[in-house]
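See below for the structure under consideration.
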Amino acid sequence: MNKTPIKSGEQGFTLVEVLVAIVILALGASGVVAMQLHALRTAQQSGFQSNALQLAMELAELMRTDAAADRDTYLFDYDAAGDAATSAACAGQSCDLAAWKQRLRSALPQARATVCRDSAPVPGEAPHWPCTGSGNAPIVIKLGWSTREKTPQQPRTLPSLVLVAEP
């Protein structure tokens, strides 16, 4: 018996078609991964913002409830990057402030805080660390932390939260 093969119009996929499909699939997958990483970074920054707001409110409440102390005793500039661990020996207001600084250091990466009198805490659109220091200006709490988006023109941290503690 002589069998002749039947030819069909279907030849299957060529190697080029398979490679193009793999490239398109890889591009789509890398886009999904990039979106996921961006979402994770945004969620992390949102968590830092929430922690900073909670800490700023806590410090403002501490200042309000300490009726015996002059408000100017709470004015300070703190940088967690240059601070060693706080000692356990403290008394009164300094102990509350030391505990607050410890919570700040553990909640925010490379945290920085400034509590000062400032008549213009946010000039224009960009917050800044320096304060005017005038006696009749409100007390403001400025908190900042390290972010991944660094440029050569941008310092290590900028104030990310500015809260007026005393009108």
Please assess Q49 against W145 for the test side-chain hydrogen bond (donor to acceptor under 3.5 Å, both in side chains), listing each intermediate value before the final yes or no. CA-CA 9 Å; Q49 187 80 22; W145 56 90; 6.0 Å; no
Does any non-hydrogen side-chain atom of F48 lie less than 4.5 Å from one of P109? yes
Which heavy-atom pair separates A113 from W100 by the least distance, and what is that distance? CB-CH2, 4.1 Å
Indicate the atoms forming the closest heavy-atom contact of A60 with I141, along with that distance. N-CD1, 3.9 Å
Side chain to side chain, Y74 and L62, heavy atoms closer than 4.5 Å: yes
Is there side-chain contact between V115 and V140, with heavy atoms separated by less than 4.5 Å? no
Minimum side-chain heavy-atom gap L19-V23 below 4.5 Å: no
4.5 Å side-chain heavy-atom contact, T132 and R117: no
Which pair of non-hydrogen atoms, one from P138 and one from S119, has the smallest distance, and what is that distance? CD-CA, 4.5 Å
Of all the heavy-atom pairs spanning A107 and N51, show the shortest one and how long it is. O-ND2, 3.8 Å
Criterion side-chain hydrogen bond (donor to acceptor under 3.5 Å, both in side chains) on R105 and Q102, from CA distance to verdict: CA-CA 5 Å; R105 181 180 27 242; Q102 176 64 33; 2.4 Å; yes
Given side chains that start at C-beta, do those of D77 and R112 come closer than 4.5 Å, heavy atoms only? yes
Give the C-alpha distance, both sets of side-chain angles, the deciding distance and a yes or no for side chain to side chain contact (heavy atoms under 4.5 Å, CB included) between T65 and E61. CA-CA 6 Å; T65 58; E61 194 60 34; 3.7 Å; yes
Find out whether C131 and K142 are in side-chain contact, i.e. whether some heavy atom of one side chain is under 4.5 Å from a heavy atom of the other. yes
Okay, side chain of T42, backbone of H38: is any donor-acceptor separation there less than 3.5 Å? yes
Considering all heavy atoms, the nearest W129-L143 contact: CH2-C, 3.9 Å
Nearest 0.5 Å, what's the NZ-CG distance between K101 and L59? 9.5 Å
Any chance you could measure E58, atom CD, to L104, atom CG, to the nearest 0.5 Å? 10.0 Å
For the residue pair A52 and L108, what are the closest heavy atoms and their distance? CB-CD1, 4.1 Å
Nearest 0.5 Å, please: how far is CE in M63 from CG in L97? 9.5 Å
